[in-house]
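Report on the following structure.
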Amino acid sequence: MRVKRAVHARKRKKSLFKAAKGYRGGRSRLLRTVKDAVDRSRESSYRDRKVKKRDFRRLWIVRINAAVRLHGMNYSQFIYGLKAADIEMDRRTLAYLAMEEPTLFAQVAEEAKTKLAA
């Protein structure tokens, strides 16, 4: 008895074309180029999910550093002061406070500064 592959092949092909929806030219119409385009886009999206986390952390650090310099410290001194003061806040929260709640951030910065001097 021979193996009939039509159902599975059509399903796989259909899912590839669906993933290539919105691509221009042969990248959305020709099976070989669709496969290449979809594979590449999946690789990029996998990689960039990791890169996104790094990029946001860098952004938060830049924002914290800019806010902390207004209080006469730099980023590394501020983080060291926070650790000495036993204040456990992540960089995302600190960056939010620096942008949206400057008075609250000033209190946190002063606390870190006092522990840094001591």
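In what follows, every heavy atom counts, from backbone to side chain, and hydrogens, waters and symmetry copies are set aside.
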| task | Using the six-membered ring of Phe17, assess whether NZ or CZ of Lys13 lies under 6.0 Å from its centre and within 45 degrees of the ring axis. | result |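 Not flagged: Lys13 not positioned over aromatic ring of Phe17.
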If you compare all heavy atoms of [X] against all heavy atoms of [Y], which two are closest, and at what distance to 0.1 Å?
X: Arg5; Y: Arg12; answer: NH2-NH1, 4.1 Å
X: Met73; Y: Leu116; answer: SD-CD2, 4.1 Å
X: Gly81; Y: Lys115; answer: O-CB, 3.9 Å
X: Lys113; Y: Gly72; answer: NZ-CA, 4.3 Å

In Å, rounded to the nearest 0.5 Å, how long is the span from [atom1] of [X] to [atom2] of [Y]?
X: Arg24; Y: Arg27; atom1: CZ; atom2: CZ; value: 11.0 Å
X: Tyr80; Y: Gln77; atom1: OH; atom2: CD; value: 11.0 Å
X: Thr33; Y: Arg40; atom1: OG1; atom2: CZ; value: 13.5 Å

| Beyond-backbone contact of Val38 with Val34, side-chain heavy atoms, under 4.5 angstrom | yes
| query | Can you find a pair of side-chain heavy atoms, one from Val62 and one from Arg58, that are under 4.5 Å apart? | reply |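 Contact flag for Val62/Arg58 side chains = no.
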| query | So Ser41 and Tyr23, side-chain hydrogen bond (donor to acceptor under 3.5 Å, both in side chains) or not? Walk me through it. | reply | CA-CA 11 Å; Ser41 70; Tyr23 293 6; 3.1 Å; yes
| task | Using the rule that two of Ile, Leu, Val, Met, Phe, Trp, Tyr join whenever any of their side-chain heavy atoms come within less than 4.5 Å, decide whether Ile61 and Phe78 are in one cluster. | result |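 Yes, it is one cluster - the side chains of Ile61 and Phe78 are joined through contacts under 4.5 Å.
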| Are Met89 and Ile64 grouped together when hydrophobic residues (ILVMFWY) are joined by side-chain heavy atoms under 4.5 angstrom apart? |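 Yes, Met89 and Ile64 fall within the same hydrophobic cluster.
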Side-chain atoms of residues 91-110: list all donor-acceptor pairs with protein atoms under 3.5 Å, sequence neighbours left out, distances to 0.1 Å.
| from | atom 1 | to | atom 2 | distance (Å) |
| --- | --- | --- | --- | --- |
| Arg91 | NE | Tyr75 | OH | 2.6 |
| Thr93 | OG1 | Asp90 | OD1 | 2.3 |

| said: Surrounding NZ of Lys52 (heavy atoms of other residues, nucleotides or ligands, distance under 6.0 Å), is the total greater than 12? | reply: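 Open: at most 12 neighbouring heavy atoms sit under 6.0 Å from NZ of Lys52.
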